[in-house]
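Data first, discussion second: the structure below is written as structure tokens.
So that the names make sense, note that chain A is the first sequence line, chain B the second, and so on, each numbered from 1.
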Amino acid sequence: MEKRVRVRFAPSPTGGLHLGGMRTVLYNYLFAKQHNGDFILRIEDTDQSRYVPGAEQYIFDCLKWAWLEPDESPVHGGYYGPYRQSERKDIYRKYAGQLVNDGYAYYAFDTPEELEKMRHELRTESNPSPQYDHKVRMKMRNSLTLPAEETKKLLAENVRHVIRIKVPEHETLILKDMIRGEVQFDTSVVDDKVLLKADGMPTYHLAVIVDDYLMKISHSFRGEEWLSSAPVHILLWKYLGWEKDMPQWAHLPLILGPNGKLSKRDGSKYGFPVFAMNWTDPQSGELTEGFKEKGFLPEAFINFLAMLGWNDGTEQEIFTKEELIQRFSMERVHSGGAKFDYEKAKWFNHEWMKRSEAGRLEQEVKNLLLEKGIDNMDDSFLKKVIGLVKDRCVLLTDFYEQSYFFFHTPEQYDLAAVTPRWNDEKKLFFAEVIRNYELNIDWNAEDLEINFKEIASVNKIKPGDVLLPFRIMLVGGKFGPGVFAIAELLGKEETLHRIKKALAAF
RNA sequence: GGCCCGUUCGUCUAAGGGCUAGGACACCACCCUUUCACGGUGGUGAUACGGGUUCGAAUCCCGUACGGGCUACCA
């Protein structure tokens, strides 16, 4: 029987969730949904020194915003909990003990000072970072070098110690990666990684294997930065006796910034977000901008994220989440890193803005305008406004400057664009427009335009000479959608009011 | 330094031995529009380098260069 697809995203709650992390979430999610599997969120909070309050909640908020909610997690529940590694301490301890008993791991009592001393002494030009490996482990203080009674005594006395994996001296390990194919490693260059730390917490290496096994994870998708520790993980699957349950691997390429690896700094430096949502560091109070607050639609966010390193082989670029679920394939993910292009990300958002129904955008736009102090919105009026201006909005946040004039009569006018060529003829023209529009029964853009141009022609005025002043009367400046569409939406009363008011100001 | 991964227009990418290397973003020009956008048409622009293998290489192999990751009791 085919194994049920179960994948997980396992962040450590240490701060903002950047593009790379979100893309890992996305690919996991798409893969799970495509195979009718489960998407699990596991919190890897084994490093207590890096604990950041609020970071866990923030991760949930980001996934929710991006429509990538997990099926199982510390808050969504599930049969394989707890889903927070800090709550699974005893489980890891048990397996670490098993590894020691089976001879695959050992106790190490070296103090941080002793480790530093070893590294210092062994450091040479050709080996700038000596490792705790098969070449040095017999010179250190551990259960391999100490007499059995001594080890027993130290353990009984509760002397601080760790458990390290005993990596075989010369073995070739082959990793089958869904993106990269077969990758070979020689174990003689991998070090005896710490599995269980002195504080009793596991390191990532132990925890990820134990949890993936216990949570029945079928596919392990993670960032490329994990590729070099993969041999340790493969060894652990073997040593724990679970080799036949080892998940399939895929190491996702990195997302790069303008100069190498994408960092939080790139964002502030080049003016684009790198986090999914705003993140405020509780320590420093520093705020890092998120895509959500910048004005991105989740549809667009996941769309451009998906395309950063993946395509379905056709020329289609705009995909709904459902289409992505259908078409995604890990084998088509690029193996090379992708440089993030903010301009293209904005293009995706613009496309989604144009494609979205006014109703889809209503709530977001309403909140946005409300924040800007516009509170006289009628729902159906707002919807019409959105329909009229959404094509010219790249980001949600553009809605304000594209539409505020629908809600407020202009107070100021771009006089420089009008007064130099303003004269009595034009004044009379608009007086006639007012008279005509007051009589006008069919208040729609088309008739308004026909009337306007007729009056112009009767008065021997070129429509072009009065179109711009008309626009400025209605919106205050040289911007906005078509003037007659604006007039239609504004309604007879408000339009006439604006013309009269402007006439007095010109 | 060692190990591993990668390298097609400025950017994201297509083409997995065979047509003038295709598309998208960005940029430029023109058209539309007497606001600005949208839209339309066209253009500039790439197989890192050097060797092989082959009738034929972006594609397979080797080397070089460049970029990246890892090299913690962080993930």
Exercise for the section: Verify the contact: side-chain N or O of A/Lys197 to OP1 or OP2 of B/A75, cut-off strictly under 4.0 Å; return yes or no. Expected result: yes
Handout entry: Sugar-phosphate only, base, or nothing, as touched by A/Ala198 at under 4.0 Å among non-hydrogen atoms
Key = base
Fill in the blank from the handout: Checking N1-N3 plus N6-O4 or O6-N4 for Watson-Crick, or N1-O2 and O6-N3 for wobble, each under 3.5 Å, the partner of B/A29 is B/U41
Problem - Partner nucleotide, any strand, of B/C66 [Watson-Crick/G-U, under 3.5 Å] - result: B/G6
Exercise for the section: Looking at every strand, decide which applies to A/Gln184 at a 4.0 Å heavy-atom threshold: base, sugar-phosphate, or nothing. Expected result: sugar-phosphate
Problem - Minimum-distance nucleotide to A/Pro112 side chain [options: B/U13, B/C70, B/C73] - result: B/C73
Problem - Candidate nucleotides B/G1, B/C4, B/U7, ranked by approach to the side chain of A/Val183 - the nearest - result: B/C4
Completion exercise
For B/A75, the nucleotide meeting Watson-Crick or G-U wobble distances (both under 3.5 Å) is none
Practice task
Look at the side-chain N and O atoms of A/Lys354 and state whether any lies under 4.0 Å from the OP1 or OP2 oxygen of B/G39.
Solution key: yes
Problem - Under 3.5 Å: donor-acceptor pair, side chain of A/Asn349, backbone of A/Leu297 - result: yes
Fill in the blank from the handout: Out of B/U71, B/G68, B/C3, minimum distance to the side chain of A/Val189 belongs to B/C3
Practice task
May I ask you to check whether A/His233 and A/Tyr204 place their ring centers less than 6.0 Å from one another?
Solution key: yes
Practice task
Under 4.0 Å between any heavy atoms, over every strand shown, what does A/Trp226 touch: base, sugar-phosphate, or nothing? Just pick one.
Solution key: base
Practice task
Return yes if some donor-acceptor pair links the side-chain N/O of A/Thr397 with the main-chain N/O of A/Lys294 below 3.5 Å, else return no.
Solution key: yes
Problem - A/Lys478 side chain, from C-beta outward: closest of B/G1, B/A75, B/U35 - result: B/U35
Practice task
Among B/G69, B/A72, B/U34, find the nucleotide with the atom closest to the side chain of A/Arg119.
Solution key: B/A72
Handout entry: Pairing partner of B/U34 (Watson-Crick or G-U wobble, both distances under 3.5 Å)
Key = none
Exercise for the section: With RNA chain B as reference, determine whether A/Glu44 or A/Gln402 sits nearer its 5' end, using the nearest nucleotide of each. Expected result: A/Gln402
Practice task
Please confirm whether any donor atom in the side chain of A/Lys344 sits under 3.5 Å from an acceptor in the base of B/A24, or the reverse.
Solution key: yes
Practice task
Considering just the side-chain nitrogens and oxygens of A/Asn311, establish if one lies under 4.0 Å of OP1 or OP2 belonging to B/A14.
Solution key: yes
Exercise for the section: Using a 4.0 Å heavy-atom cut-off across all strands, classify A/His251 as base, sugar-phosphate, or nothing. Expected result: nothing
Problem - A/Arg164 to A/Tyr132 six-membered ring, cation-pi geometry met (6.0 Å, 45°) - result: yes
Exercise for the section: Remember a base hit wins even if backbone is also touched, and classify A/Gly482 as base, sugar-phosphate or nothing at under 4.0 Å, heavy atoms. Expected result: base
Exercise for the section: Identify whether any heavy atom of A/Gly480 sits under 4.0 Å from a base atom; if not, whether one sits that close to sugar-phosphate; answer base, sugar-phosphate or nothing. Expected result: base
Practice task
May I have the distance from A/Met118 (atom CE) to B/C73 (atom C1'), rounded to whole angstrom?
Solution key: 13 Å
Handout entry: Sugar-phosphate only, base, or nothing, as touched by A/Pro463 at under 4.0 Å among non-hydrogen atoms
Key = base
Exercise for the section: Could you tell me whether the phosphate oxygens of B/C73, OP1 or OP2, come under 4.0 Å of any side-chain nitrogen or oxygen in A/His161? Expected result: no
Handout entry: 5' precedence on RNA chain B between A/Gly464 and A/Pro128 (nearest-nucleotide basis)
Key = A/Pro128
Practice task
Give A/Arg180 one of three labels, base, sugar-phosphate or nothing, depending on what nucleic acid heavy atoms sit under 4.0 Å from its own.
Solution key: sugar-phosphate
Exercise for the section: Would you indicate which nucleotide in B/G22, B/G10, B/C4 comes nearest to any side-chain atom of A/Phe185? Expected result: B/C4
Problem - A/Trp347 and A/Val394, any side-chain heavy atoms less than 4.5 Å apart - result: no
Fill in the blank from the handout: Its glycosidic angle compared against 90° from 0, B/C28 adopts the form anti
Problem - Proximity to the side chain of A/Val162 - top-ranked nucleotide from B/C5, B/U71, B/C73 - result: B/C73
Exercise for the section: Establish, with yes or no, whether the OP1 or OP2 oxygen of B/A15 is under 4.0 angstrom from a side-chain nitrogen or oxygen of A/Arg332. Expected result: yes
Practice task
Determine the contact category for A/Ser335: base if any of its heavy atoms lies under 4.0 Å from a base atom, sugar-phosphate if only primed atoms, P, OP1 or OP2 are that close, otherwise nothing.
Solution key: sugar-phosphate
Handout entry: Nucleotide nearest A/Asp341 when distance is taken to its side chain, options B/C25, B/U35, B/A75
Key = B/C25
Handout entry: Lys/Arg-Asp/Glu bridge criterion (N-O < 4.0 Å) met for A/Arg42, A/Glu44
Key = yes
Handout entry: Proximal nucleotide (of B/G1, B/U34, B/G39) relative to the A/Asn127 side chain
Key = B/G1
Exercise for the section: Name the pairing partner of B/A24, where a pair is Watson-Crick or G-U wobble with both distances under 3.5 Å, or state none. Expected result: B/U11
Practice task
Please work out if A/Asp110 contacts a base, only the sugar-phosphate, or nothing of the nucleic acid, heavy-atom cut-off 4.0 Å.
Solution key: base
Practice task
Using a cut-off of strictly less than 4.0 Å, decide whether A/Thr314 has a side-chain nitrogen or oxygen near OP1 or OP2 of B/A14.
Solution key: no
Exercise for the section: Indicate whether OP1 or OP2 belonging to B/C73 is found under 4.0 Å from a side-chain N or O atom of A/Arg164. Expected result: yes
Exercise for the section: Look at the aromatic rings of A/Tyr213 and A/Trp237 and report parallel, tilted or perpendicular, splitting at 30° and 60°. Expected result: perpendicular
Completion exercise
Per atom distances to the A/Lys462 side chain, the nearest of B/U35, B/U11, B/U34 is B/U34
Practice task
Report which part of the nucleic acid A/Ser49 touches: base, sugar-phosphate, or nothing (heavy-atom distance under 4.0 Å, all strands).
Solution key: nothing
Handout entry: Carboxylate-amine/guanidinium proximity below 4.0 Å for A/Lys193 and A/Asp191
Key = yes
